[in-house]
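So the structure is just underneath, and the comments pick up after that.
Chain naming here is simple, since letters A, B, ... match the order of the sequence lines and numbering starts at 1 in each.
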Amino acid sequence: MTGDHSHNDSQINSGSKYGDSHKHKDKYKEREHKHKDHKKDKEREKSKYSNSEHKDSSDKKHREKEKHKDGSSDKQKDKYKEKRKEERAFDGALIRGRENGFASPPHIKSEPENEELYHSPKHKKSLKREHDDDDEFKPKKIKTENDKGEKKVKKRRQEEEDIKPKKKTKDKKGEVRADGKKKAKKEPEEKWKWWEEERYTDGVKWKFLEHKGPVFAPPYEPLPSNVKFYYDGRPMKLSLEAEEVATFFAKMLDHEYTTKDVFRKNFFKDWRKEMTSEEKAKITDLNKCDFSEMNEYFKAQSEARKAMTKQEKQKIKEENERLLLEYGYCVMDNHRERIANFRIEPPGLFRGRGDHPKMGMLKRRIRPEDIIVNCSKDSEHPKPPPGTKWKEVRHDNKVTWLVSWTENIQGAIKYIMLNPSSRIKGEKDWQKYETARRLKKCVDSLRAQYREDWKSKEMRIRQRAVALYFIDKLALRAGNEKEEGETADTVGCCSLRVEHLNLYPEKDGQEYVVEFDFLGKDSIRYYNKVPVEKRVFKNLQLFMENKQPEDDLFDRLNTTILNKHLQELMDGLTAKVFRTYNASITLQQQLKELTSAEENVSAKILSYNRANRAVAILCNHQRAPPKTFEKSMQNLQTKIDAKKEQLADAKRELKSAKADAKVRRDEKSKKAVETKKKAVQRIEEQLMKLEVQATDREENKQIALGTSKLNYLDPRISVAWCKKWGIPVEKIYNKTQREKFAWAIDMADEDFEF
DNA sequence: CTATTAACTTAGTATGGGAGCT
DNA sequence: AGCTCCCATACTAAGTTAATAG
């Protein structure tokens, strides 16, 4: 791959990368107080180093110069022109005429009619956006304009229908339900190919949106009177409110969380807030609280649930399906789309990841009064439960969410949004990969540029350039600043501190080795030793000079600055695009390298998984080794041994059959030989499959493939690979994944190049 | 500017149901 | 028929980024 650089190998092979992240966390416990004055430190750092930076006013000039320099070579100019062209082409292709109204849906059901409405066979072809190669040869612009013209007619037609949306919507409801059943048969040929349509411009996300609102958590069910809470050894009846919160804790009793000081402290504080004044007066020490009876009750409950009869379970299942059918879908622009999370998060105790200062706090119950509903004006608005009101109903079609509320732990807003299979998510996803592909086209010049910048006389530019190098080479995340004491102490690239790296002029026979050791997103440990270029090394030494361990490595850089810079280099470029780009390009290149034509399907899939794994390692996607890992490995080994034995038997039988045939020379015995031969073959195949499976599983012990597959790897690479080698796409993507990547499965052919 | 907020993507883990085995 | 194990899914926390407020 031209775009690739060979940095991956060292990582893929670095066995040392995965320490036990949990054990490791202790090391970071001290951190909190240690770097309390962090902000101040940063200021201090700034003035300390300001000498190395001649007047900030020169920055602007410098930037201009860079631009000129960039464009000065003809080759580069061409490159940029090309890039521009691409962008336009893609954008053009993606524009959905904004007047191409998607107002209220006449018939959600009958996809055939919709199909006609949105892409009559006539211009279907021209609307179809294919990959860039094609784009270069087609006059997109003109095409788009034509389409607009055509669409206008349609739009008008739709608007007429808009006039009586209410009625229409009602009609359709009956249908929706009826449809749910019919679906199974019809669906295949009815699947809506949103990727063959044009996109909205100007940040409009939809024209019509109708949904039923969220499903609230079930109300609290008080404990039966025989299940008691004990304080200081004596039974104590709690008020409903206090009892509910107590049950949250009781349910977690076997969890390690409840042994942590912070968790207990936070829980107790919030619990006390729910107590009556009498309770508050009495219950003053969590250690005197005995929740064990409650805990047992819940365990018994879950046992009982498991022991339910088939019918009972069936009933629950049906109820869930009913709920899904009623609340799990919305209508957005003529299409019924699946909602991702239509249930409101139930109350409970906050479980932060890592050393979270807020772990154990009470996560409040969300009521209708907390909910903001978003839908179109002309839709049938969701109704709040009887006797309640929504906080607000708004009609903002510049956003994609249907419902939002503010969560009480961090004060963050939570949303209900659509499923990944929806048009609105799919388009975004596709666009993400297109941006990464544009990066591929300019990454070489960009790399050349940051290498130049390592020599800059401005500290801020050097820091930026080194940070960018890390982001590119190591696929680090951007690393926003976080508010101290509000979250676990984790970092990304821009927020790295001096204590997170060690410099070794020479280590293990390599020069200029940097050792990274920090907690990243979700408090997952990143540990890596990488040889870097001398210039980078020298720069790091410079950045770390005269600093305390808890000082920022890049004291003149943050994610805003970095992203602003990136935006100037390429439209749509941000730090995370590098992750997407490097992940996808690595997959593509690894697939090329690892797949061998002679191998059978399961060996090819192992190769695929290995390629996938290389990406997961690059992106540091880890998982806790499954609790049952050792056992399941053993089981597999047992199976393998059994299979081997079986194979030996089969071979023996074959041999004797052969001998037999030789003597008897009749049809029957010949046939027997054939049968035995086939049996041997079959068993060999099975054995191979098992062995491959074992290898795969072993290699996957603490690596999670899912995240990269879902979020970083351009699905068209995988689809193309499947097509090229005749692998059924089902072997690579399960049902959900196929739904999410339907666009890629439909449009990528075997020559797709990322 | 800097800080905050809003919106959206990315993340690992818990759990529950179903496939495959005994 | 019951059991085990494994995967898919649900869940929701924790990031990134751009927009907005101060």
Side-chain angles (χ1 to χ4, degrees), chain A residues 21 39 56 203 205 252 255 302 305-308 310 313-314 316-317 320 324 328 340-346 348 350-354 356 358-359 363 372 374 396 398-401 404 406-407 409-420 424-425 428-429 431-432 471 476-483 486-488 490-495 519-524 558-564 566-567 572-577 579-580 583 616 619-624 626-629 631-632 635-636 639 693 697 702-704 706-712 733-737:
Chain A
S21 61
K39 291 236 163 91
D56 270 21
K205 303 291 168 61
M252 296 178 74
H255 204 291
S302 81
R305 222 173 304 127
K306 274 181 218 154
M308 281 187 308
K310 267 221 174 98
K313 282 186 181 168
Q314 185 60 24
I316 291 174
K317 202 175 160 191
N320 275 334
L324 174 69
N341 55 326
F342 56 91
R343 286 169 209 273
I344 299 279
E345 297 173 17
F350 177 73
R351 302 154 81 119
R353 315 232 173 113
H356 198 117
K358 299 195 170 186
M359 65 168 78
K363 201 168 98 162
I372 302 176
N374 193 32
D396 182 356
K398 300 277 209 289
V399 298
T400 68
W401 52 270
S404 76
T406 302
E407 155 264 353
I409 305 286
Q410 327 256 10
I413 306 171
K414 302 269 195 163
Y415 302 93
I416 291 182
M417 292 183 187
L418 297 194
N419 202 60
I424 209 153
K425 292 292 184 188
K428 200 77 186 296
D429 204 36
Q431 189 181 34
K432 171 181 78 187
I471 285 172
L476 300 190
R477 297 186 184 83
N480 285 302
E481 283 130 305
K482 307 168 74 190
E483 212 179 323
E486 297 291 301
T487 59
T490 63
V491 298
C493 186
C494 295
S495 49
L519 298 182
K521 182 178 181 182
D522 295 306
S523 293
I524 296 293
N558 61 39
T559 53
T560 312
I561 297 172
L562 181 66
N563 280 332
K564 283 232 169 80
L566 292 175
Q567 191 58 241
L573 187 61
T574 64
K576 83 188 187 85
V577 178
R579 255 167 98 79
T580 312
C619 294
N620 200 39
H621 290 140
Q622 298 189 38
R623 61 167 187 177
K627 287 202 167 50
T628 56
F629 185 83
K631 200 165 64 158
S632 100
N635 286 348
L636 199 53
K639 269 193 202 171
Q693 204 186 344
R697 195 180 295 178
Q702 27 186 188
I703 300 169
T707 304
S708 48
K709 204 177 202 176
L710 239 46
N711 300 303
Y712 288 103
Y733 291 136
N734 67 28
K735 183 160 83 64
T736 325
Q737 293 164 339

- Item | First of A:Ile424 and A:Lys564 reached from the 5' end of DNA chain B, by closest nucleotide | A:Lys564
- Message: Quick check on DNA chain B: between A:Ile413 and A:Thr580, whose nearest nucleotide comes earlier from the 5' end?
- Response: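 The answer here is A:Ile413.
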- For the residue pair A:Gly572 and A:Val577, what are the closest heavy atoms and their distance?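 Closest heavy-atom pair between A:Gly572 and A:Val577: O-CG2, 3.8 Å.
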Figure out the [atom1]/[atom2] separation between [X] and [N], and round it to whole Å.
| X | N | atom1 | atom2 | result |
| --- | --- | --- | --- | --- |
| A:Arg579 | B:dT9 | CZ | C1' | 12 Å |
| A:Arg351 | B:dA14 | CZ | C1' | 8 Å |
| A:Lys205 | C:dA18 | NZ | P | 13 Å |
| A:Lys363 | C:dA13 | NZ | C1' | 9 Å |
| A:Glu481 | C:dT16 | CD | C1' | 13 Å |
| A:Glu486 | B:dT5 | CD | P | 11 Å |
| A:Leu710 | C:dC11 | CG | P | 17 Å |
| A:Asn563 | C:dA18 | CG | P | 6 Å |

Base, sugar-phosphate alone, or nothing: which one does [X] contact when heavy atoms must sit under 4.0 Å apart?
| X | value |
| --- | --- |
| A:Pro420 | nothing |
| A:Gly411 | nothing |
| A:Gly520 | sugar-phosphate |
| A:Gly492 | nothing |
| A:Lys428 | sugar-phosphate |
| A:Ala575 | sugar-phosphate |
| A:Gln410 | sugar-phosphate |

Counting heavy atoms from C-beta on, name the nucleotide in [options] closest to the side chain of [X].
| X | options | answer |
| --- | --- | --- |
| A:Arg353 | C:dT16, B:dT13, C:dA13 | C:dA13 |
| A:Glu345 | C:dA13, B:dT13, C:dA18 | C:dA13 |
| A:Lys414 | C:dT12, B:dA14, B:dA11 | C:dT12 |
| A:Arg697 | C:dC6, C:dT17, B:dG12 | C:dC6 |
| A:Lys576 | C:dG15, B:dT9, C:dT12 | B:dT9 |
| A:Met417 | B:dA11, B:dC8, C:dA14 | B:dC8 |
| A:Trp401 | B:dC8, C:dT12, C:dA18 | B:dC8 |
| A:Asp396 | B:dA7, C:dC6, C:dA18 | B:dA7 |
| A:Tyr415 | B:dA6, B:dG16, C:dC11 | B:dA6 |
| A:Asn480 | B:dG16, B:dC8, C:dT17 | C:dT17 |

Reckon [X] has a side-chain N or O less than 4.0 Å from the OP1 or OP2 of [N]?
| X | N | value |
| --- | --- | --- |
| A:Thr560 | C:dA18 | no |
| A:Arg623 | C:dC7 | no |
| A:Thr559 | C:dT16 | no |
| A:His356 | C:dA13 | no |
| A:Lys317 | B:dG18 | yes |
| A:Lys306 | B:dT15 | no |
| A:Arg477 | B:dT9 | no |
| A:Thr707 | B:dG12 | yes |
| A:Thr400 | B:dC8 | yes |
| A:Asn711 | B:dT9 | no |

- Message: Reading DNA chain C from 5' onward, which residue's closest nucleotide shows up sooner: A:Gln737 or A:Phe350?
- Response: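 Of the two residues, A:Gln737 wins.
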- Query: Of A:Lys735 and A:Asn341, whose nearest nucleotide on DNA chain C comes first from the 5' end?
  - Reply: A:Lys735
- Task: Would you give the length of the straight line joining atom CE of A:Met417 to atom OG1 of A:Thr400, rounded to the nearest 0.5 angstrom?
- Result: 4.0 Å
- Message: If the test is side-chain hydrogen bond (donor to acceptor under 3.5 Å, both in side chains), which one of A:His356, A:Gln410, A:Lys358 qualifies with A:Glu486?
- Response: A:Lys358
- Message: What verdict does the side-chain contact (heavy atoms from CB on, under 4.5 Å) test give for A:Cys619 and A:Thr707, after you've listed the backbone C-alpha separation in whole Å, the side-chain angles of each residue and the deciding distance to 0.1 Å?
- Response: CA-CA 9 Å; A:Cys619 294; A:Thr707 304; over 6 Å; no
- Message: Taking NZ in A:Lys639 as the centre, count heavy atoms belonging to other residues, nucleotides or ligands within less than 6.0 Å. Is the count above 12?
- Response: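 Atom NZ in A:Lys639 is not packed in, count stays at 12 or less.
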- Task: Start with the C-alpha distance between A:Lys482 and A:Thr490, add both sets of side-chain angles, then the distance that settles side chain to side chain donor-acceptor pair (under 3.5 Å), and finish with yes or no.
- Result: CA-CA 8 Å; A:Lys482 307 168 74 190; A:Thr490 63; 2.6 Å; yes
- Quick one: do A:Asn320 and A:Ile316 satisfy side-chain contact (heavy atoms from CB on, under 4.5 Å)? Show the steps, please. CA-CA 6 Å; A:Asn320 275 334; A:Ile316 291 174; 4.0 Å; yes
- Decide yes or no, distance alone: a donor-acceptor N/O pair under 3.5 angstrom between the base of B:dT10 and the side-chain of A:Lys521. yes
- Query: When you measure from the side chain of A:Asn341 to the backbone N and O of A:Tyr415, does any donor-acceptor pair fall under 3.5 Å?
  - Reply: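 It does hold such a pair.
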